[in-house]
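Only heavy atoms go into these numbers, but all of them, side chains included; no hydrogens, no water, no symmetry mates.
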Amino acid sequence: MKELIIECAKKYDADVVTFTSADEIPKDNKVFEIFPGTKTVIGLGFRVLRGIFRGVEEGTTYYQYTTMGVENLEETVMPYAMLRISQIIEAGGFLAIPQRRNQLIMSEEAKTNPEVDYTDIFRGVTAENQLDFPKMAVLCGIGEEGVGGRILNKEYGPFIRYCFILTDAEIEPTKKETYNLCDNCMECVKGCPGNAIDKDGNVDSWRCAVYYNGANGSKNPFMPPDAYIDFPDRLDIIWGTAEIDIEKAKEIMDNTYFYPPAKHFYRTSICGRACDRACYIHLEEKGILTKKFKKKFRESEDWQLDTKQFETLKREKEWEFTKQE
């Protein structure tokens, strides 16, 4: 069965396949609430293609990462692979319970999910029954946890998404490796256009959501000159230096209409996961990723747009207010 599962997973685009015995998982893990009879957890990792980031990296096109790197992986590729593998397991007389992240439920009241509209997120009892996906990815050996909670895989770095299958079939576990990929370089902190990751590596998810959606004018070619015109600190917002709490984050996002979202509630990432790209570049430069390419991911200096248009409009607006007074 193990060989059949690996063969099927590879056929349906999984790049990483791991098997973890229930004995390797803490007894208070959600796995055993979801399916008390779990004997094995199958971990599946799917790389986000480097080419999907090229549009954002070059500042040319922006929809590929969201539509192909998030939406299609999460809504089509990953579920289909899980279903086909589950069919193999159930054909063998065992149960298979696919576990794909539900992007619209969260248990943390003070956090949000930058990949979806904050107004669509449900917080309640249902959210408590979802796996801790990053923690499970570490337990299953898909990768290690790096700064900001990102999962780093030995081949693809942070360019990976993952899901799981719980089963009562006892399958020989995969030998787990120790990677030591993250060296706390903090390139992800420097790379964020909204300063959403602090010096200790903690992510402010609301601030992240604001700049994931494109609030930094130096990294958003779609931002109109009058963006956030009614905000007294509009330039600080546009420069990524504004003070932002939860309510302020909601207000800013309610006034962010620069680029259409994808289907399935996913927001278009204007920042293009700048933190993950910075992390990947660092890992590639260190030469520790096992998946090699003929060219470096970033071959020139990171680009930035001039924000003088926003400063000019601010001066005109101030003059208009003064004249009215």
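Taking OH from Tyr156 and NZ from Lys291, the interatomic distance works out to 6.0 Å, rounded to the nearest 0.5 Å. We find the CZ-CG distance between Arg47 and Asp15 to be 4.5 Å, quoted to the nearest 0.5 Å. The distance from atom CZ of Phe231 to atom CD of Glu251, rounded to the nearest 0.5 Å, is 4.0 Å. Rounded to the nearest 0.5 Å, atoms CG (Asn220) and OG1 (Thr307) are 12.5 Å apart. Rounding to the nearest 0.5 Å gives a distance of 5.0 Å between CZ of Arg150 and CD1 of Ile197. To the nearest 0.5 Å, atoms CD1 (Ile89) and OG1 (Thr167) are separated by 4.5 Å.
Using a cutoff of 4.0 Å between basic side-chain nitrogens and carboxylate oxygens, Glu284 and Lys296 are not scored as salt-bridged. One finds a salt bridge joining Arg161 and Glu115 here, because a Lys/Arg side-chain nitrogen approaches an Asp/Glu carboxylate oxygen to under 4.0 Å. Between Lys154 and Glu177 a salt bridge is recorded (basic side-chain N to carboxylate O distance below 4.0 Å). A salt bridge links Asp233 with Lys248: the closest approach of a Lys/Arg side-chain nitrogen to an acidic carboxylate oxygen falls below 4.0 angstrom. Salt-bridge check for Arg277 with Asp302: failed, with every basic side-chain N at 4.0 Å or more from each acidic carboxylate O. Under a 4.0 Å N-O distance rule, the pair Lys308/Glu311 does not qualify as a salt bridge. Salt-bridge check for Arg54 with Glu57: failed, with every basic side-chain N at 4.0 Å or more from each acidic carboxylate O. Under a 4.0 Å N-O distance rule, the pair Arg267/Asp120 does not qualify as a salt bridge.
Of all heavy-atom pairs between Met82 and Pro98, the closest is SD-CB, 3.9 Å. Taking all atoms of both residues into account, the shortest heavy-atom contact from Gly69 to Leu73 is O-CD1, 3.4 Å. In this structure, Ile238 and Ala227 approach most closely via the heavy-atom pair CD1-O, 4.1 Å. Here the shortest heavy-atom pairing between Glu155 and Thr290 reads CG-OG1, 2.9 Å.
Both Ile52 and Leu152 are part of a single hydrophobic cluster, where members link through side-chain heavy atoms under 4.5 Å apart. When hydrophobic clusters are built by joining Ile, Leu, Val, Met, Phe, Trp and Tyr residues whose side-chain heavy atoms come closer than 4.5 Å, directly or via intermediates, Met106 is not grouped with Val203. One hydrophobic cluster, built from ILVMFWY side chains closer than 4.5 Å, cannot hold both Ile85 and Tyr12; they sit in different ones. Connection of Leu83 to Phe46 is not established within any shared hydrophobic cluster, with ILVMFWY side chains joined at heavy-atom distances below 4.5 Å, either directly or through further cluster members. When the side chains of ILVMFWY residues are joined at heavy-atom separations under 4.5 Å, either directly or via intervening members, Leu235 and Tyr211 end up in a single hydrophobic cluster.
Of the residues Phe222, Phe53, Tyr212, the one that meets the ring pair (Phe, Tyr, Trp, His ring centres under 6.0 Å) test with Tyr62 is Phe222.
Donor-acceptor pairing under 3.5 Å is lacking for the side chains of Tyr266 and Glu74. In this model, a donor atom of one side chain and an acceptor atom of the other lie less than 3.5 Å apart for Arg84 and Tyr80.
Proximity of Gln130 to Ser107: side-chain heavy atoms (C-beta onward) are nowhere separated by under 4.5 Å.
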Begin from the C-alpha positions of Cys271 and Asn216 and carry the test side chain to side chain contact (heavy atoms under 4.5 Å, CB included) through to its verdict.
CA-CA 8 Å; Cys271 82; Asn216 188 314; over 6 Å; no
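Figure legend: Arg100 and Phe133 shown without cation-pi pairing, the cationic atom not lying both under 6.0 angstrom from the six-membered ring centre and within 45 degrees of its axis. Geometrically, Lys295 does not engage Phe293 in a cation-pi contact, judged by NZ or CZ lying under 6.0 Å from the ring centre and within 45° of the ring axis. Both tests hold for Lys27 against Phe32: distance to the six-membered ring centre under 6.0 Å, angle to the ring axis within 45°.
A side-chain donor-acceptor contact under 3.5 Å links Thr40 to the backbone of Ile171.
For Phe310 and Trp239, the ring centers are positioned 6.0 Å apart or more. Between Tyr228 and Phe258, the distance separating the two ring centers is shorter than 6.0 angstrom.
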